[in-house]
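Contents: one structure, followed by commentary.
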Amino acid sequence: MKYYIATDHAGFAIKKDVINILQSLGHEVEDLGPSSKTRVDYPDYAHLLCSKVLEDSGSFGVLICGTGIGMSLAANRHKGIRAALVHDSYTAKMAREHNDANVICFGQRVVGVGVIESILESWSKSEFLGSRHTKRVEKIEL
Ligand code: RB5
């Protein structure tokens, strides 16, 4: 699968580890920045990543900020983006199976690399179940 990843300064330190985790799970990863820990505004990176995910059908996105909240709020303003702020592997599975989430958000100040690894393993092996969930997901869009 193709993954795009972006952070702000509060998620920057963990980005390389998350890229390695995604690659070890067999995914292709494109790093959309930033390239240093200089302070940036999380919506700029959320909007950049969402544009890429929407242009590249079937791709996924990973967004990391301090809490994951700002990234998820900004990402979910995009029609067609379903961004899930996840802290555990069960929620990651449900975000794919029931919500067809295409962007996953983390808070670097909330979860560590070990938890993110278990979350991404769970997310990667889960697929949208369709069926009764399809119409519910369609109803999300206004
Ligand atoms: C940056 O200090 C912080 O506000 C940001 O990374 C994020 O947590 C916002 O939701």
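One is the number of the first residue; the rest follow in order along the sequence. Note that ligands are numbered from 1 as they come in the structure, with each ligand's atoms numbered from 1 the same way. In what follows, every heavy atom counts, from backbone to side chain, and hydrogens, waters and symmetry copies are set aside.
- Within ligand 1, counting atoms from 1 as listed, the ones closer than 4.0 Å to a heavy atom of Gly66 are 5 (C), 6 (O), 7 (C), 8 (O).
- Of all protein heavy atoms, the one lying nearest to atom 9 (C) of ligand 1 is Tyr42 CE2, 3.5 Å.
- Thr38 and His9 are not linked by any side-chain donor-acceptor pair at a separation below 3.5 angstrom, with hydrogens and angles left out of the test.
- Heavy-atom contacts of Ala10 reach the following atoms of ligand 1: 6 (O) (cutoff under 4.0 Å).
- The shortest separation from a heavy atom of Met71 to ligand 1 is not under 4.0 Å, leaving the residue out of contact.
- Closest to atom 2 (O) of ligand 1, if we only count protein heavy atoms, is Arg109 NH1, 3.4 Å.
- Among the candidates Val103, Asn102, Val53, the single residue satisfying the side chain to side chain contact (heavy atoms under 4.5 Å, CB included) test with Ser59 is Val53.
- Put simply, the side chain of Asn20 never gets that close to the backbone of Gln23: no donor and acceptor are under 3.5 Å apart.
- At most 12 heavy atoms of other shown residues, nucleotides or ligands fall within 6.0 angstrom of atom CD in Glu127.
- For atom 10 (O) of ligand 1, the closest non-hydrogen atom on the protein side is Gly70 N, 2.8 Å.
- Of the charged side-chain nitrogens involved, at least one lies within less than 4.0 Å of a carboxylate oxygen, so that Glu30 and Lys2 count as a salt-bridged pair.
- Atom 4 (O) of ligand 1 is not flagged as protein-proximal [any protein heavy atom, distance under 4.0 Å].
- Of the N and O atoms on the side chains of Tyr4 and Asp56, at least one donor lies less than 3.5 Å from an acceptor on the other residue.
- For ligand 1, the polar-atom distance check finds an N/O of Thr67 within less than 3.5 Å of one of the ligand's N/O atoms.
- Using cut-offs of 30° and 60° for the angle between ring planes, the Trp123 and Phe60 rings count as perpendicular.
- Of all atoms in ligand 1, numbered sequentially from 1 with element shown, those under 4.0 Å from a heavy atom of His9 are 1 (C), 2 (O).
- Without hydrogens or angle criteria, Asn76 side chain to Ala83 main chain gives a donor-acceptor distance under 3.5 Å.
- With a 4.0 Å cut-off on non-hydrogen atoms, Cys65 touches ligand 1 through its backbone as well as its side chain.
- For ligand 1, one of its N or O atoms has an N or O atom of Asp8 under 3.5 Å away.
- Where the criterion is an N or O separation shorter than 3.5 Å, residue side chain and backbone included, Gly68 fails it with respect to ligand 1.
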